[in-house]
Amino acid sequence: MSIQDILLQQLANGLILGSFYALVALGYTMVYGIIKLLNFAHGDLYMIGAFIGFLFLSVLSPLIGDSWVGILCSMVLSMIAVGLLGVLIQRIAYQPMLSAPRLSILITALAVSMILSNAVMAFTDGEYLAFSTDLGYEGLEFGNVFVTYTQMVLVGAAALLMTGLYLFVHRTMYGKAMRAIAIDQDACRLMGIHVNRIIALTFFIGTSLAASAGIMAGAYYGSIHFFMGFVIGLKAFTAAVIGGIGSIPGAMLGGLLLGLLESFGTQIPFIGTEWKDVFSFGILILLLVFKPTGILGRTEIERM
Amino acid sequence: MRKSLMLTAISGAVAGMFLFGQVMAADLKIGIMVPTTGSEATSGKDMENAIKLAAMEINEGGGVLGMKIDTMTGDDACDPQQGTAAATKLVSADVAAVVGGYCSGATLPTLKIYGDANVPFVIAAANSTKLIDANMGNAYQINSTGFDQVATAVALFEKKGAKKLAVVHQGDGYSEDLAKLTREKWTAMGNEVVAYEVVNKGEQDHSALVTRIKSKAPDAVFWTAYYADGALLIKQLRQAGYRNLIAVGDGSNSPKLLEIAGKAAEGVYCFSNPTVDYLPAAKEFHANYKKTFNQEPDAYAALAYDGMKLMADAINRAGSTDKAAIIKALGETTSFTGIAGPVSFTDKNTLARSNFVTLIAKDGKWALSE
């Protein structure tokens with residue numbers, strides 16, 4: 001493999017990794033945008049999405065197989081289920097804390113994160129579950145660069161979801177309401193917007209996007225584990241900060257950028273792939289020091 | 001305070017009398033040291049069963065030197081402190097010899113206790129290389145150590161005509177040790193290690209590593225760590241179009257690896273301690289074990305069984321229950337063949353040959369290679 005091949009291959013790998021980051025980062029940024037909460041349980045909802053998808057797939061696969069149709073069906077079902085779970089968590093854990101100091105709600109989010117991951121650990125005995133799907137390894141070869149069809153579909157699905165979200169936020173009344181709440185909640189209330197309902201909707205969309213990423217990751221990598229949401233939660237947070245937290249296009253851009261940075265960064269000679277996480281979190285620290293508002297963020301940002 | 005001291009003294013004396021009484025009644029007392037409680041209890045009890053089965057068979061065949069074997073179990077709970085307590089208990093019960101040892105960490109501190117008492121000790125399963133240095137000359141390891149796994153691995157790579165090797169570990173003591181030893185041995189043989197990489201535990205996306213490995217075009221990739229992450233690496237290597245040999249160390253010897261990696265695992269090699277499933281000579285033992293205990297023997301049952309048989313063989317050859325004589329006889333073992341294969345020892349009291357077997361993944365199952 002020549003150096004160009006390596007770079008091209010890493011471009012493809014970075015895009016795949018970045019798509020996962022972007023999907024999870026979107027939920028982070030949406031929730032932050034609307035109620036200024038860093039929802040640290042977000043990574044765990046990604047994990048729950050994978051487990052619920054796994055459950056649906058094992059129920060559905062005798063009927064419709066465990067290939068694309070089966071995965072798509074269980075993905076939609078899992079997105080709905082986890083979206084509802086997200087709303088439930090918001091109602092039980094976050095709603096009563098909305099007027100409390102910001103630190104209290106942040107700690108609540110950490111507690112939710114622990115409850116979710118420990119519950120799954122208890123149910124699965126901390127075991128790895130094999131996500132057995134029937135996706136092949138066929139793909140296209142561009143010189144020495146190899147991309148499987150599965151990988152292309154994953155990136156395509158992520159792009160589709162993100163475009164859909166963008167259109168939803170910018171072309172519908174609900175989206176307009178979300179953007180309005182991000183600017184001024186009290187004014188929205190006076191204008192007759194059901195603020196709580198819109199917040200619930202935001203949680204639903206945000207968590208179901210994380211769930212979609214979770215089940216895609218499960219199907220693609222092949223195993224799921226109660227701890228799988230932890231690191232990706234932090235990475236998504238990093239991605240959201242890179243893009244400018246609170247900004248939806250920023251989260252997409254930040255996710256892709258982080259994926260690419262990791263992919264290319266780990267190919268630098270003498271830096272092993274074990275430095276991948278150091279690389280991303282190093283960038284997070286630098287960014288927080290020098291440009292805390294992120295790429296697309298302004299101090300007076302229009303959130304969402 | 002004084003009263004409770006008195007009580008302790010009396011109960012101690014009573015317990016001592018009780019133990020003494022038992023020793024008098026027994027013909028030949030053999031200690032079993034395994035974890036029968038704690039996280040490793042399943043494996044420990046399995047070894048205990050296997051040792052007891054061996055003792056039963058020996059007794060049915062007339063015993064050792066005309067004496068019947070009576071076993072006594074000390075529970076090390078896979079914990080160094082508990083191990084010390086178990087060893088002290090066995091030594092003070094004046095056992096003629098000890099068979100067992102599952103967890104290396106728990107076995108390590110007991111070597112001094114058995115050594116000071118000069119008790120012959122056959123270590124059946126524990127195989128850390130640290131045990132070699134702590135051995136005071138009375139203990140014998142019948143399970144191969146990490147060095148032997150490297151020898152078996154390197155032999156396979158050479159047989160398959162590999163020249164360039166990629167080694168991947170996870171940075172923990174066990175997998176790094178195996179990786180380092182493999183690299184040393186492979187380069188000493190005049191071959192090349194083109195990639196020597198570490199991955200973080202729990203990492204799901206190995207694409208960057210896979211690109212790096214692929215760009216070095218190795219003839220073989222050796223994963224020295226555990227099954228869960230290894231399965232993901234195997235899958236992603238195959239997905240990226242790497243077609244050459246992949247081998248995994250004994251930490252990855254699990255059906256779960258095949259389940260997670262699916263089709264990608266076909267043809268992957270794995271090195272394993274001799275477990276009952278892969279030993280042609282273990283058929284009879286397997287059947288007897290199942291009949292006696294109504295369950296399947298676990299990974300180290302075969303070695304535990306061999307350990308007891310070897311001890312009886314050594315006592316027979318020594319012709320007495322004198323501890324020094326038994327230790328000498330153990331060291332001189334040349335013609336003993338257990339179900340896990342022939343046993344003889346190096347000058348460091350470790351098994352003279354590698355008892356690692358090479359497995360290959362076939363149709364979603366591990367099978368003996370060749």
Given that the side chain runs from C-beta out, which part of [X] has a heavy atom under 4.5 Å from chain A: side chain, backbone, both or neither?
{"X": "B/Gln239", "answer": "both"}
{"X": "B/Gln170", "answer": "neither"}
{"X": "B/Ala195", "answer": "neither"}
{"X": "B/Lys216", "answer": "neither"}

Run the side-chain donor-acceptor check on residues 40-48 of chain A: report pairs under 3.5 Å with partners two or more places apart or on a different chain.
residue	atom	partner	partner atom	Å
A/His42	NE2	A/Val24	O	3.0
A/Asp44	OD2	A/Ser113	OG	2.6

- request: Considering non-hydrogen atoms only, spot the tightest contact between B/Gly241 and A/Phe146 and give its length.
  value: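 Heavy-atom minimum between the residues: N-CD2, 4.3 Å.
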Heavy-atom closest contact (A/Gly222 atom, B/Ile260 atom, distance):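 Heavy-atom minimum between the residues: O-CG2, 3.6 Å.
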task: Calculate, to the nearest 0.5 Å, the distance between atoms OH and NZ belonging to A/Tyr221 and B/Lys235 respectively.
output: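 That separation rounds to 11.0 Å.
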Atom pair CG (B/Asp229) and NE2 (A/His225), whose distance is rounded to the nearest 0.5 Å: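 Nearest 0.5 Å value for the CG-NE2 distance: 9.0 Å.
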Please determine whether the number of non-hydrogen atoms from other residues, nucleotides or ligands lying under 6.0 Å from atom [atom1] of [X] exceeds 12.
{"X": "A/Trp68", "atom1": "CH2", "answer": "yes"}
{"X": "B/Gln81", "atom1": "CD", "answer": "no"}
{"X": "B/Lys256", "atom1": "NZ", "answer": "yes"}
{"X": "B/Lys201", "atom1": "NZ", "answer": "yes"}
{"X": "A/Phe123", "atom1": "CZ", "answer": "no"}

message: Under a 4.5 Å cutoff for heavy-atom pairs, which residue among A/Tyr220, A/Phe20, A/Phe227 has the most contacts with chain B?
response: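 That would be A/Tyr220.
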- prompt: Does any heavy atom of chain B fall under 4.5 Å from the side chain of A/Thr148, the backbone, both, or neither of them?
  reply: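 A/Thr148 touches chain B through side-chain heavy atoms alone.
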message: Given heavy-atom pairs under 4.5 angstrom as the criterion, report whether the side chain, backbone, both or neither of A/Glu138 touches chain B.
response: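 Interface part for A/Glu138: neither.
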Inter-chain contacts: residues 204-213 of chain B against chain A, heavy atoms under 4.5 Å: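 From residues 204-213 of chain B, the residues near chain A are B/Gln204, B/Asp205, B/Ser207, B/Ala208, B/Leu209, B/Thr211, B/Arg212.
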message: Would B/Val199 and A/Glu274 count as a side chain to side chain contact (heavy atoms under 4.5 Å, CB included) here? Give the steps.
response: CA-CA 5 Å; B/Val199 296; A/Glu274 72 270 27; 6.0 Å; no
Qualifying residues under ring pair (Phe, Tyr, Trp, His ring centres under 6.0 Å), relative to B/Tyr227, sequence neighbours excluded: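 Scan of B/Tyr227 (ring pair (Phe, Tyr, Trp, His ring centres under 6.0 Å), adjacent residues dropped) gives none.
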task: Any pair with a residue in residues 228-240 of chain A that passes salt bridge (charged side-chain N to carboxylate O under 4.0 Å, His left out), sequence neighbours left out, goes on the list, sorted by first then second residue, please.
output: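 Of all non-adjacent pairs touching residues 228-240 of chain A, those that pass salt bridge (charged side-chain N to carboxylate O under 4.0 Å, His left out) are A/Lys235-A/Glu262, A/Lys235-A/Asp277.
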